[in-house]
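Encoded as structure tokens, the structure appears first; notes follow it.
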Amino acid sequence: MVNRIESQAALQAEQAKYAAALKLETRRVLICTGTGCLASGGLKIYEALQNRLKALGIPVEVVLDGEVHGESVGVRKTGCHGLCEFGPMLRIEPQNWVYVRVHESDVDEIVEKTLVGGEFIDRLGYQKDGKVFKAHDDIPFYKKQTRRVLSLCDTIDAQSLEDYLAFGGYSATAKALFEMQPDEIINEITESGIRGRGGAGFPMGKKWSQVAAHDEPVKYIVCNGDEGDPGAFMDRSCMEDNPHRLLEGMIIAGIATGATEGYIYVRAEYPTAVERLTKAIEQAEAAGLLGDNILGSGKSFHMHINCGAGAFVCGEGSALTASIEGNRGMPRTKPPRTVDKGLFGKPTCLNNVETLASVSGIIENGAAWYKSLGTEGSTGTKAFALAGNVVNTGLIEVPMGITLREIVYDIGGGIKNGKDFKSVQIGGPSGGCLTKEHMDIPMDFDSLKKVGAIIGSGGLVVMDEDTCMVNIAQFFMNFICEESCGKCTPCREGTTRMNDILTAITKGNGKMEDIEELRDLAQTIKISSLCGLGKTAPNPVLSTLQNFEEEYIEHIRDKRCRCGTCKDLSSYHITEKCIGCTKCARNCPVGAISGEVRKRHTIDPGKCIKCGTCKAGCPVGAIKEG
């Protein structure tokens with residue numbers, strides 16, 4: 001357990017103690033126990049590895065206690081390694097070797113061949129195009145990434161303050177307390193150019209300075225951990241995998257703005273994040289890094305956690321603060337802004353998880369270091385959740401300004417099953433779709449805004465040639481309808497009407513004039529909705545209309561869904577490839593297929609319920625949809 005730390009010098013002594021203990025681990029096995037790898041057996045691998053090493057009499061360290069025990073093998077439950085598609089994963093240091101899709105049955109071989117024998121097991125390595133990649137930095141998925149916010153997520157035990165201190169944790173807090181004045185902290189943040197990673201991209205330094213300018217005795221720092229976009233899990237990983245980095249960012253924000261209270265608002269669907277944040281707060285308070293008289297400085301900062309009920313609208317600042325206050329999460333008109341009258345009517349600095357987790361790096365290394373990556377108007381890095389029809393799904397962190405092509409093909413490994421790229425939905429329900437013509441634009445705030453898209457919180461859902469864009473638009477609009485708080489008429493009624501129109505189109509009941517009505521409704525909602533979520537709600541529809549209007553026309557005029565996704569517009573037919581095996585006829589649940597043995601069969605469209613059983617079971621691929 002970490003001793004209570006009463007000064008900057010004492011912090012440095014504790015850091016040195018745990019760093020020295022870390023160096024005695026001649027080999028380290030870093031096992032991913034992020035949410036994905038936990039689900040696929042990461043914890044069993046962790047336990048089996050410990051047991052096997054102990055059975056062989058090899059000293060094992062699973063926690064740093066600061067004592068000198070001699071050389072040992074360090075075995076850690078770390079956070080997400082990023083390459084979620086290939087979990088469970090583990091990394092072996094100092095070689096920096098990576099094993100993917102590891103099973104509990106592989107543990108004995110890993111211990112005997114790798115940890116004892118120093119041999120790399122090729123069959124467990126990441127493979128692409130017949131080549132085996134041993135080292136972490138050589139794997140294409142990682143080569144174009146730069147991990148800053150996520151830098152320790154795959155290295156330390158998220159529930160170990162000792163691990164965090166061994167890597168210099170809380171140095172930025174000490175620097176902010178003892179070596180900088182509040183205005184110097186804000187100037188450093190401003191000079192770094194960091195913009196909010198929650199979607200709007202508002203300059204962080206400007207927000208801090210506005211809160212600091214108030215003379216009120218009570219101010220608040222609020223962290224928005226209500227990550228509601230479908231397919232997004234960046235903030236969840238930050239909170240689960242390195243909670244102390246978030247706490248540091250909030251403490252420094254408090255020092256800079258004069259706030260002494262912090263609230264972390266986490267959606268209830270993230271129980272692991274809540275558990276680990278709670279433990280991190282307890283550890284930091286016990287060690288004198290949080291609470292009263294931090295590091296003996298005389299300054300205090302207290303932290304609280306609030307769990308939201310999963311309302312998407314609570315990602316909006318005023319709705320979020322209303323929820324913390326115990327009221328229904330609904331946005332209010334502005335002004336006054338949150339920086340002037342936010343939580344409990346007091347000046348409030350509200351940033352999202354990734355933004356606050358960036359703070360310690362800026363304070364410790366300087367604004368110039370942060371600006372060394374990214375573009376002039378969008379400095380630093382951005383974490384994205386890469387999902388959908390891409391080979392390497394997972395969590396990535398890249399310099400701002402990287403192109404979509406580099407993300408999808410170099411990092412993501414291209415489209416699954418060799419299919420063609422069609423689109424990426426970026427920014428969640430409030431975002432828009434990017435197409436082939438956008439593959440080489442910089443992924444930064446300003447470039448995306450020019451093409452009608454936003455970074456949002458960072459979800460990237462990749463879609464292939466078989467994705468129906470009308471269906472995608474209807475999916476997101478249905479989500480928005482369900483999540484609308486209902487306070488303002490444009491969002492409440494307008495999105496419902498848009499969803500009704502889209503549903504009718506996907507069922508073959510659309511009319512050509514529906515396209516213009518969708519555009520008119522979208523513009524009305526954007527202009528007149530109360531909050532930012534309502535104003536951006538029509539974006540998926542507008543962007544799909546702009547880039548894929550021909551698919552809307554096909555659905556309406558031809559009653560056809562080229563991708564076969566909209567079942568009411570689908571039909572199945574048997575091609576000349578049919579060998580007459582009768583399997584489809586035997587499997588059809590409604591007897592819609594007939595034909596003689598070894599002769600081409602036929603489907604009665606009047607009986608067919610479009611379940612797809614025949615297509616899925618055909619041994620020669622003779623049944624087509626569309």
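- Between the E551 side chain and the M469 main chain, a donor and an acceptor come within less than 3.5 Å of each other.
- Here the OG1 atom belonging to T536 is positioned 6.5 Å from the CD1 atom belonging to I480, to the nearest 0.5 angstrom.
- Around atom NZ of K449, no more than 12 heavy atoms belonging to other residues, nucleotides or ligands sit under 6.0 Å away.
- T257 places a side-chain N or O within 3.5 Å of a backbone atom of A253 that can act as its donor or acceptor partner.
- Residues C566 and C468 are in side-chain contact: their nearest non-hydrogen atoms beyond the backbone lie under 4.5 Å apart.
- Atom CD of E550 has more than 12 heavy atoms from other residues, nucleotides or ligands within 6.0 Å.
- K450 has its side chain out of reach of I441: every pair of non-hydrogen atoms, C-beta onward, lies at least 4.5 Å apart.
- Among all heavy-atom pairs drawn from L150 and C238, the shortest one is CD2-SG, 3.8 Å.
- Under 4.0 Å is where a charged nitrogen must lie from a carboxylate oxygen, and between E517 and K511 no such pair does.
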Check against side chain to side chain contact (heavy atoms under 4.5 Å, CB included), T348 and V211: CA-CA 6 Å; T348 300; V211 175; over 6 Å; no
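- Residues V313 and S484 have side chains not in contact (no heavy-atom distance under 4.5 Å, counting atoms from C-beta outward).
- Closest of all the heavy-atom pairs between C32 and H81 is CB-CD2, 3.4 Å.
- The minimum heavy-atom distance between T393 and A387, with the atom names listed, is CG2-CA, 4.1 Å.
- No donor-acceptor contact under 3.5 angstrom links the side chains of Y370 and T379, judged on distance only.
- For the residue pair S151 / R245, a side-chain donor-acceptor distance below 3.5 Å is found, with atom types taken as modelled.
- Ion pairing of D340 with R337 is present here, as a side-chain N (NZ or NE/NH1/NH2) and a carboxylate O approach within less than 4.0 Å.
- Inter-residue side-chain proximity for Y263 and C223 is flagged as unmet; no heavy-atom pair is nearer than 4.5 Å.
- Between the side chain of T467 and the backbone N or O of M463 there is no donor-acceptor pair closer than 3.5 Å.
- Rounding to the nearest 0.5 angstrom, the gap separating the CD atom in Q546 from the CG atom in N539 is 10.5 Å.
- A salt bridge does not link D466 with R562: every distance from a Lys NZ or Arg NE/NH1/NH2 to an Asp or Glu carboxylate oxygen is 4.0 Å or more.
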Intermediate values then yes/no, side chain to side chain donor-acceptor pair (under 3.5 Å), R236 and T272: CA-CA 9 Å; R236 185 195 73 198; T272 303; over 6 Å; no
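- In this structure, the side chain of T33 does not engage the main chain of G79 through any donor-acceptor pair within 3.5 Å.
- Donor-acceptor pairing under 3.5 Å is lacking for the side chains of D500 and T503.
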Worked verdict on M400 versus T381 for side chain to side chain contact (heavy atoms under 4.5 Å, CB included): CA-CA 5 Å; M400 293 285 263; T381 61; 5.8 Å; no
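- Residues T489 and R492 have side chains that bring a donor and an acceptor to within less than 3.5 angstrom of each other.
- Here ring pair (Phe, Tyr, Trp, His ring centres under 6.0 Å) pairs that include residues 315-344, with residues two or more places apart or in two chains, are Y220-F344.
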CA sep, side-chain torsions, deciding dist, call: T355, N352, side chain to side chain donor-acceptor pair (under 3.5 Å): CA-CA 5 Å; T355 317; N352 89 317; 2.3 Å; yes
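- Checked for salt-bridge contact, E465 and K419 miss the test: no charged N lies under 4.0 Å from a carboxylate O.
- To the nearest 0.5 Å, the span separating CZ on F476 from SG on C433 amounts to 10.0 Å.
- Using a distance-only test at 3.5 Å, with no hydrogens or angles considered, no donor-acceptor pair links the side chain of S378 to the main chain of G374.
- In terms of modelled atom types and a separation under 3.5 Å, the side chain of S323 and the main chain of A319 share no donor-acceptor contact.
- The CG atom of L247 sits 9.5 Å away from atom CZ of F301, with the distance rounded to the nearest 0.5 Å.
- For the side-chain hydrogen bond (donor to acceptor under 3.5 Å, both in side chains) with Q474, the lone residue among N499, T506, T544 that qualifies is N499.
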Candidate pair E406 and T403, rule side chain to side chain donor-acceptor pair (under 3.5 Å), full reasoning: CA-CA 5 Å; E406 290 174 290; T403 66; 3.1 Å; yes
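- Just one of D235, D229, D226 meets the salt bridge (charged side-chain N to carboxylate O under 4.0 Å, His left out) condition when paired with R267; it is D226.
- By the 4.5 Å heavy-atom criterion applied to side chains, I264 and N306 are not counted as neighbours.
- In this structure, the side chain of E354 does not engage the main chain of R197 through any donor-acceptor pair within 3.5 Å.
- Side-chain contact between V359 and I189 is present, with at least one heavy-atom pair separated by less than 4.5 Å.
- Using a 3.5 Å distance cut-off with no hydrogens or angles, the side chains of N389 and K422 do not pair a donor with an acceptor.
- Using a 4.0 Å cut-off between charged side-chain N and carboxylate O, E516 and R519 make a salt bridge.
- Side chain of T321 to main chain of S318: a donor-acceptor pair is present (N/O by atom type, distance under 3.5 Å, no hydrogens or angles).
- Residue I454 comes nearest to S430 through the heavy atom pair CD1-O, 3.4 Å, listed as atom of the first residue, atom of the second, then distance.
- In this structure, K382 fails the cation-pi test against F445, since its NZ or CZ atom is not both closer than 6.0 Å to the six-membered ring centre and inside 45 degrees of the ring normal.
- Rounding to the nearest 0.5 Å gives a distance of 6.5 Å between CG of L460 and CD1 of I396.
- One N or O on the side chain of E397 and one on the backbone of R148 form a donor-acceptor pair closer than 3.5 Å.
- In D420, the CG atom is crowded: over 12 heavy atoms of neighbouring residues, nucleotides or ligands sit closer than 6.0 Å.
- L290 CG to E248 CD: the interatomic distance, rounded to the nearest 0.5 Å, is 11.0 Å.
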Side chain to side chain contact (heavy atoms under 4.5 Å, CB included) assessment of N478 paired with F475: CA-CA 5 Å; N478 184 66; F475 168 82; 5.9 Å; no
Worked check of side chain to side chain contact (heavy atoms under 4.5 Å, CB included) between V339 and K207: CA-CA 7 Å; V339 293; K207 185 178 287 188; 3.6 Å; yes
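- Annotation: K507, atom NZ; neighbour count of heavy atoms from other residues, nucleotides and ligands within 6.0 Å does not exceed 12.
- For the residue pair Y270/E227, the side-chain donor-acceptor check at 3.5 Å is satisfied.
- Closest heavy-atom contact between K559 and G510: NZ-O, 3.6 Å.
- S543 and P540 make their closest contact through OG-O, 3.2 Å (heavy atoms, listed as atom of the first residue, atom of the second, distance).
- Between F479 and F312, the gap from one ring centroid to the other is short of 6.0 Å.
- Judged by distance alone, with hydrogens and angles left aside, the side-chain atoms of R560 form no donor-acceptor pair with the main-chain N or O of L569 at under 3.5 Å.
- Among R405, Q145, K144, the single residue meeting the side-chain hydrogen bond (donor to acceptor under 3.5 Å, both in side chains) criterion with D410 is K144.
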